[in-house]
Amino acid sequence: MARLNVLHYPDPRLRKLALPVETVDASIRTLVADMLETMYAAPGIGLAATQVNVQKRVVVMDLSEEKNQPRVFINPTVLERQGENEGEEGCLSVPGFYETVCRAEWVRGSALDLEGEPFEFEAHGLLAVCIQHEIDHLDGKLFVDYLSMLKRDRIRKKLEKQSRHESRAS
């Protein structure tokens with residue numbers, strides 16, 4: 001397993017659309033293992049392949065306190081949404097920023113597992129938020145897109161400034 005580099009906003013590669021996984025094979029299982037290691041090390045609760053510059057529809061997450069209940073969603077799709085939930089979100093690709101975002105309270109969807117077998121899921125609360133957040137990544141969308149232009153620009157400028165300082169320091 002290897003830790004992967006997480007892209008940071010406003011990197012244009014975060015806007016690329018992920019392509020469906022045709023076959024769940026050893027390369028996809030290796031990607032999943034590497035993504036889980038990266039997510040746990042960050043630390044985070046979810047990671048989409050596009051965040052590590054892999055344009056495939058793969059998502060990993062683990063909402064458990066012990067970090068021992070990894071979930072894998074390959075080619076995830078939301079089939080139905082209900083309700084509204086406003087909550088604070090953060091993102092490994094937008095480090096250090098947390099903002100309120102409105103999402104569906106409940107979702108029903110489908111995906112493939114690590115064996116390539118299809119499954120359906122229902123999620124509410126934090127799991128529903130996380131699934132929607134990560135699927136947005138696969139579609140080239142970030143949580144900052146739900147914010148006002150003013151807030152989005154402020155975050156972008158701060159992250160660009162941080163990146164410049166880090167580049168000079170190394």
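For reference, positions follow the sequence shown, starting with 1.
Cluster annotation: Met35 and Met61 are assigned to distinct hydrophobic clusters (Ile/Leu/Val/Met/Phe/Trp/Tyr, side-chain heavy-atom contacts under 4.5 Å, transitive). Grouping the Ile, Leu, Val, Met, Phe, Trp and Tyr side chains by contacts below 4.5 angstrom, directly or via other members, places Leu14 with Val101.
Partners of Ser93 by side chain to side chain donor-acceptor pair (under 3.5 Å), not counting sequence neighbours, listed by chain and number: Gln51. With sequence neighbours excluded, no residue forms a salt bridge (charged side-chain N to carboxylate O under 4.0 Å, His left out) with Lys16. For the side chain to side chain donor-acceptor pair (under 3.5 Å) test, residues two or more places apart in sequence or in another chain that qualify with Ser27 are Asp25. Not counting sequence neighbours, Asn5 has no partner by the side chain to side chain contact (heavy atoms under 4.5 Å, CB included) test. For the side chain to side chain donor-acceptor pair (under 3.5 Å) test, residues two or more places apart in sequence or in another chain that qualify with Gln55 are Asn53. Arg108 is linked by a salt bridge (charged side-chain N to carboxylate O under 4.0 Å, His left out) to Glu80, Glu120, counting only residues two or more places apart in sequence or in another chain. Checked against salt bridge (charged side-chain N to carboxylate O under 4.0 Å, His left out), Asp136 has the following partners two or more places apart in sequence or in another chain: Arg103.
Side-chain contact between Trp106 and Glu122: present, with at least one pair of heavy atoms (C-beta onward) separated by less than 4.5 Å. Contact annotation: the side chain of Ile74 approaches that of Ile28 to within less than 4.5 Å [non-hydrogen atoms, C-beta and beyond].
Within the structure, ring pair (Phe, Tyr, Trp, His ring centres under 6.0 Å) pairs that include any residue of residues 122-163 comprise His133-His137 (at least two apart or interchain). Judged as a salt bridge (charged side-chain N to carboxylate O under 4.0 Å, His left out), the pairs with a partner in residues 53-64 (not counting sequence neighbours) are, in order, Arg57-Asp139. Among residue pairs with one or both ends in residues 6-46, none qualify as ring pair (Phe, Tyr, Trp, His ring centres under 6.0 Å); sequence neighbours excluded. Residue pairs meeting the ring pair (Phe, Tyr, Trp, His ring centres under 6.0 Å) criterion with at least one member in residues 45-93, sequence neighbours excluded, are Phe73-Phe119, Phe73-Phe121. Among residue pairs with one or both ends in residues 143-157, those qualifying as salt bridge (charged side-chain N to carboxylate O under 4.0 Å, His left out) are Arg15-Asp145, Glu99-Lys151, Glu99-Arg154, Asp153-Arg156, Arg156-Glu160; sequence neighbours excluded.
Note: Asn85 CG to Cys102 SG = 7.5 Å, rounded to the nearest 0.5 Å. Separating the CG atom in Leu126 from the CD atom in Glu89 is a distance of 9.0 Å, to the nearest 0.5 Å. Atoms OG1 and CG, on Thr100 and Leu147 in that order, are 9.0 Å from each other to the nearest 0.5 Å. The distance from atom CD of Glu84 to atom CD of Glu86, rounded to the nearest 0.5 Å, is 7.5 Å. For the atom pair CD1 (Ile131) and OG1 (Thr77), the distance works out to 11.5 Å, reported to the nearest 0.5 Å. One distance of note links CG of Leu159 with CZ of Arg164; it measures 11.0 Å at 0.5 Å rounding.
Taking a 6.0 Å sphere around CD of Glu65, one finds it holds 12 or fewer heavy atoms contributed by other residues, nucleotides or ligands.
Checked by atom type and distance alone, the side chain of Asn75 never pairs as donor or acceptor with a backbone atom of Pro20 at under 3.5 Å. Judged by distance alone, with hydrogens and angles left aside, the side-chain atoms of Thr38 form a donor-acceptor pair with the main-chain N or O of Leu4 at under 3.5 Å. Between the side chain of Gln132 and the main chain of Ala128, a donor-acceptor pair closer than 3.5 Å is present.
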